[in-house]
Amino acid sequence: MVRELIIDAARSCFSERGYAGTTTRQVASRAGVVENLIFKHFGSKAALFEAAVIEPFRRAADTFVARAIASEDVPQPGEAVARQYVEALYDLLEGHGELLLAATADRSGAQPLLGLMEELERIGTSEMAARDWPGANVKVLARLHFGMVAFNAAFGDALYPTGTGAPTREEVIDEMTAFIVHGSAHRAGDGDKDC
């Protein structure tokens, strides 16, 4: 319980001030604990940043990569692979804008999203080749897809009206999955640039 209070407070502080601008004293104050508990649970500010910001992205990437590796022997439709990715990232960030902001406000040099981006590129390259979908810049696509899913998950409350007319979680995931698959796959070949 105390550990989670500290992690939640750290995410908020890191998202507001970045790594360099956040002190363990500020985190302790926000969490309502004494500062030495941070060092007892995490050892250092760097380890706290690792636990609060980097580790959740690493777990999401590991989950998605494990599913992708497990399905390499039994190919799945592109929609199934894309949906697994969208759901894993959506589940991580839904309602957690502070986590996304903390990851992007990082100035420690840790680059918490880099490992995830590299894995997405690797999987994207493999998926595009397996489906014979040439012509895509997978480095850019990985980041575009991540941005779309992450922002919708983290800030959905600000994007969609509450009450009637608001799309369900499933509707948002369905649309993002379709966008990823069809926006990545259906590209003009060399002979049909005007399509």
Side-chain angles (χ1 to χ4, degrees), residues 1-70 81 84-126 138-159 169 172-173 176:
M1 175 103 177
V2 170
R3 184 178 171 84
E4 290 306 312
L5 283 173
I6 294 169
I7 285 176
D8 289 344
R11 284 183 188 149
S12 295
C13 289
F14 288 133
S15 72
E16 293 167 6
R17 298 177 183 92
Y19 180 83
T22 298
T23 67
T24 54
R25 180 171 288 159
Q26 292 165 333
V27 173
S29 176
R30 172 118 359 136
V33 300
V34 294
E35 189 177 14
N36 70 354
L37 281 176
I38 291 173
F39 296 102
K40 178 182 177 190
H41 284 276
F42 301 98
S44 68
K45 178 176 138 180
L48 174 60
F49 185 81
E50 173 86 20
V53 179
I54 297 171
E55 188 56 33
F57 284 102
R58 188 174 293 136
R59 279 193 312 267
D62 290 348
T63 298
F64 176 66
V65 169
R67 287 180 185 165
I69 290 170
V81 175
Q84 288 172 359
Y85 164 65
V86 171
E87 286 179 335
L89 185 56
Y90 202 94
D91 290 345
L92 169 66
L93 290 171
E94 187 174 17
H96 293 290
E98 77 284 353
L99 179 57
L100 184 59
L101 291 174
T104 58
D106 169 44
R107 300 293 178 259
S108 70
Q111 298 181 305
L113 300 178
L114 185 59
L116 176 59
M117 294 303 116
E118 290 170 348
E119 285 300 323
L120 294 177
E121 286 176 45
R122 186 188 68 73
I123 292 167
T125 299
S126 174
V138 177
K139 183 178 283 293
V140 174
L141 279 179
R143 285 149 180 84
L144 290 173
H145 295 163
F146 174 84
M148 174 183 65
V149 177
F151 197 84
N152 269 271
F155 303 110
D157 291 345
L159 295 174
R169 175 187 184 279
V172 173
I173 288 174
M176 287 190 292

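We number each residue from 1, following the sequence as shown.
Under the salt bridge (Lys or Arg N to Asp or Glu O under 4.0 Å) criterion, Glu94 pairs with Arg169, sequence neighbours left out. Applying the side-chain contact (heavy atoms from CB on, under 4.5 Å) rule to Ser44 yields the partners Ala46, Ala47; only residues at least two apart in sequence or on another chain are considered. In this structure Phe39 satisfies the ring pair (Phe, Tyr, Trp, His ring centres under 6.0 Å) test with no other residue, sequence neighbours excluded. With sequence neighbours left out, Val34 forms a side-chain contact (heavy atoms from CB on, under 4.5 Å) with Asn36, Leu37. Among residues two or more places apart in sequence or in another chain, the salt bridge (Lys or Arg N to Asp or Glu O under 4.0 Å) test is passed with Lys139 by Glu121. Under the rule for a side-chain hydrogen bond (donor to acceptor under 3.5 Å, both in side chains), Asp8 has no partner lying at least two apart in sequence or in another chain. With sequence neighbours excluded, the residues satisfying ring pair (Phe, Tyr, Trp, His ring centres under 6.0 Å) with Phe155 are Phe151. For Ser12, there are no side-chain hydrogen bond (donor to acceptor under 3.5 Å, both in side chains) partners, not counting sequence neighbours. Checked against salt bridge (Lys or Arg N to Asp or Glu O under 4.0 Å), Glu50 has the following partners two or more places apart in sequence or in another chain: Arg58.
Taking the side chain as every heavy atom from C-beta outward, Tyr85 and Phe146 approach each other to under 4.5 Å. By the 4.5 Å heavy-atom criterion applied to side chains, Leu92 and Leu99 are counted as neighbours.
Listed by first then second residue, pairs satisfying salt bridge (Lys or Arg N to Asp or Glu O under 4.0 Å) with a partner in residues 28-39 read Glu16-Arg30, Arg25-Glu35, not counting sequence neighbours.
Here the CD-SG distance, from Glu98 to Cys13, works out to 11.0 Å after rounding to the nearest 0.5 Å. Atom-to-atom distance recorded for Asn152:CG and Ile173:CD1 is 10.0 Å, nearest 0.5 angstrom. Going from atom CD1 of Ile6 over to atom CZ of Arg11 covers 13.0 Å, rounded to the nearest 0.5 Å.
Relative orientation of the Phe14 and Tyr19 rings is parallel, given thresholds of 30° and 60° on the angle between their planes.
Without hydrogens or angle criteria, Glu4 side chain to Met1 main chain gives no donor-acceptor distance under 3.5 Å.
Pairing each heavy atom of Phe42 with each of Arg3, the nearest pair is CE2-NH1, 3.2 Å.
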